[in-house]
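To start, the structure under review is shown below, and the notes come after it.
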There are 2 protein chains.
Amino acid sequence: MNKENHCPLNYTMNLIGTKWKPLLLFHLLEGDLRSGILQKKIPGISNKMFTQTVRDLENDGLIARKVFPVVPPKVEYSLTKRGRSLESILRSLDTWGLEDSQT
Amino acid sequence: MNKENHCPLNYTMNLIGTKWKPLLLFHLLEGDLRSGILQKKIPGISNKMFTQTVRDLENDGLIARKVFPVVPPKVEYSLTKRGRSLESILRSLDTWGLEDSQT
DNA sequence: CCGCATCCTAGACGATACTG
DNA sequence: CAGTATCGTCTAGGATGCGG
């Protein structure tokens, strides 16, 4: 069974349906962030997963990566237009979880 | 790292963030369904995963399972109130995937 | 500061066969 | 018809350490 993305629902889930992707995108909604800062906003994420998640999101065109040629290195991440189009979904997921967990 | 559900976003994702859960819930939005019918609406799902997914959703109180004491066996699934509260999220995921995949 | 490489584990998922 | 059991695979994810 491949990643056939039979239906739109799975198409979306294959883009953001991992442990850290939604969280990462969510934090970028508030504005562009340096790599280190972004990572610190996600407690519990391992170094490896942070890099990998960020790479995946970049490859899928959901976030953009900007490298500044300075010392020490500086990297900033931002949402692309495509990534920003997920905003309402991300906020819905957040809101639902908040309300439901209080019940 | 446990399933601490640090934040609302992950809380939600832990409930519906698997390969088949959103799809299953989505189909039940249209109305209650017999087990076999529901399974046929999800091409590619294995027998095992269907049962397991349905069990998980039931345990999380998102769907309800009704057994009719007849021969041959008949089982119907329906959304609970809690499950139905996910409707807007599910439709958003579906719509987004539909629109995005056409771009 | 940022990221890569390596090794490792748990669990998600699939194929098949079997029961009431 | 609905569900269970067993076995196997594959990958998401974690821990640690190195390098520009």
Side-chain angles (χ1 to χ4, degrees), chain A residues 1-7 9-10 12-25 27-28 32-60 62-78, chain B residues 1-7 9-10 13-25 27-28 32-60 63-78:
Chain A
M1 191 51 50
N2 278 337
K3 300 233 177 191
E4 289 290 329
N5 295 331
H6 350 289
C7 76
L9 239 164
N10 277 344
T12 307
M13 290 302 283
N14 282 335
L15 284 180
I16 63 168
T18 71
K19 187 173 182 181
W20 305 109
K21 283 181 184 178
L23 210 40
L24 228 151
L25 292 169
H27 284 297
L28 286 178
D32 306 359
L33 285 176
R34 283 193 68 154
S35 187
I37 309 291
L38 178 53
Q39 186 165 357
K40 284 208 186 71
K41 281 185 180 275
I42 309 183
I45 195 173
S46 67
N47 202 310
K48 173 192 167 186
M49 284 315 296
F50 178 76
T51 303
Q52 187 181 113
T53 303
V54 138
R55 284 282 173 277
D56 287 346
L57 292 174
E58 190 191 3
N59 290 335
D60 287 333
L62 296 178
I63 69 174
R65 179 169 181 268
K66 183 167 187 184
V67 182
F68 296 82
V70 297
V71 183
K74 175 179 174 181
V75 177
E76 267 194 10
Y77 293 103
S78 59
Chain B
M1 190 53 49
N2 278 337
K3 300 234 176 189
E4 288 292 329
N5 295 331
H6 351 290
C7 75
L9 241 163
N10 278 344
M13 290 302 283
N14 281 336
L15 284 180
I16 63 170
T18 70
K19 187 173 183 181
W20 305 108
K21 283 182 184 177
L23 210 40
L24 229 152
L25 293 168
H27 284 297
L28 286 179
D32 306 358
L33 286 176
R34 283 193 65 154
S35 187
I37 309 292
L38 178 55
Q39 186 166 355
K40 282 207 187 72
K41 281 184 181 277
I42 309 183
I45 196 174
S46 67
N47 201 310
K48 174 190 167 186
M49 284 316 294
F50 178 76
T51 303
Q52 189 181 111
T53 302
V54 137
R55 285 279 174 279
D56 287 347
L57 292 174
E58 190 191 2
N59 289 334
D60 287 334
I63 68 175
R65 180 171 180 267
K66 182 169 188 184
V67 182
F68 297 82
V70 296
V71 184
K74 175 179 176 181
V75 176
E76 267 195 10
Y77 292 102
S78 59

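Every chain is numbered from 1, with letters handed out A, B, ... down the list of sequences.
- C:dA12 atom P lies 16 Å from atom CG of A:N14, rounded to whole Å.
- Here D:dG14 presents its P atom at 12 Å from CD of A:Q39, a figure rounded to the nearest Å.
- Whole-Å rounding puts the B:K21 NZ to C:dC13 C1' distance at 13 Å.
- For the helix from C:dC1-D:dG20 to C:dG20-D:dC1, the terminal axes (five pairs an end, C1' atoms, rotation from four pairs onto the next four) enclose an angle of 40°, given to 10 degrees.
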request  = Go through B:R65 and B:V75 one step at a time and tell me if the side-chain contact (heavy atoms from CB on, under 4.5 Å) criterion holds.
outcome  = CA-CA 7 Å; B:R65 180 171 180 267; B:V75 176; 3.9 Å; yes
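- A sub-4.0 Å separation between OP1 or OP2 of C:dC2 and a side-chain N or O of A:Y77 is absent.
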inquiry  = For a side-chain contact (heavy atoms from CB on, under 4.5 Å) check, start with the C-alpha distance between B:K74 and B:R34, then their side-chain angles and the critical distance, and finish with the verdict.
reply    = CA-CA 7 Å; B:K74 175 179 176 181; B:R34 283 193 65 154; 3.7 Å; yes
Name the pairs: protein N/O against N/O of nucleotides 4-8 of chain D, kept only if under 3.5 Å.
| residue | atom | partner | partner atom | Å |
| --- | --- | --- | --- | --- |
| D:dT4 | OP1 | B:R55 | NH2 | 3.4 |

request  = Go through the steps for B:D56 and B:L15 under the test side-chain contact (heavy atoms from CB on, under 4.5 Å), then give the verdict.
outcome  = CA-CA 9 Å; B:D56 287 347; B:L15 284 180; over 6 Å; no
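- Whole-Å rounding puts the B:K66 NZ to D:dA2 P distance at 15 Å.
- Between the NZ atom of B:K74 and the P atom of D:dC1 there is a distance of 13 Å, rounded to whole Å.
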Please set out all donor-acceptor pairs under 3.5 angstrom arising from side-chain atoms of residues 36-50 of chain A, sequence neighbours excluded.
| residue | atom | partner | partner atom | Å |
| --- | --- | --- | --- | --- |
| A:S46 | OG | A:M49 | N | 3.2 |

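- Distance check, rounded to the nearest 0.5 Å: CD1 of B:I16 to CG of B:L23 gives 12.0 Å.
- As rounded to whole Å, 15 Å separates atom C1' of C:dC4 from atom CD of A:E58.
- Taking the nucleotide of DNA chain D with the nearest heavy atom to each of A:P73 and A:T53, the more 5' of the two is matched to A:T53.
- Atom NZ of residue B:K21 and atom CG of residue B:L25 lie 9.0 Å apart, to the nearest 0.5 angstrom.
- Side chains of B:D32 and B:Y77 form no contact here, defined as non-hydrogen atoms less than 4.5 Å apart.
- The interatomic distance linking B:F68 (CZ) with D:dG3 (P) rounds to 12 Å, in whole Å.
- Distance from the side chain of B:V75 is smallest for D:dG3 among the nucleotides D:dG3, D:dG14, C:dG3.
- Regarding A:Q52, its CD atom lies at a distance of 7 Å from the C1' atom of D:dA12, rounded to whole Å.
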inquiry  = Between B:L28 and B:S78, is the side-chain contact (heavy atoms from CB on, under 4.5 Å) condition met? List the steps.
reply    = CA-CA 6 Å; B:L28 286 179; B:S78 59; 5.9 Å; no
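- Checked against C:dG14, D:dG14, C:dG3, the side chain of B:S46 finds its nearest nucleotide in C:dG14.
- To the nearest 0.5 Å, atom SG of residue B:C7 and atom CE of residue B:M13 are 10.5 Å apart.
- One finds a side-chain N or O of B:R34 lying less than 4.0 angstrom from the OP1 or OP2 phosphate oxygen of D:dA2.
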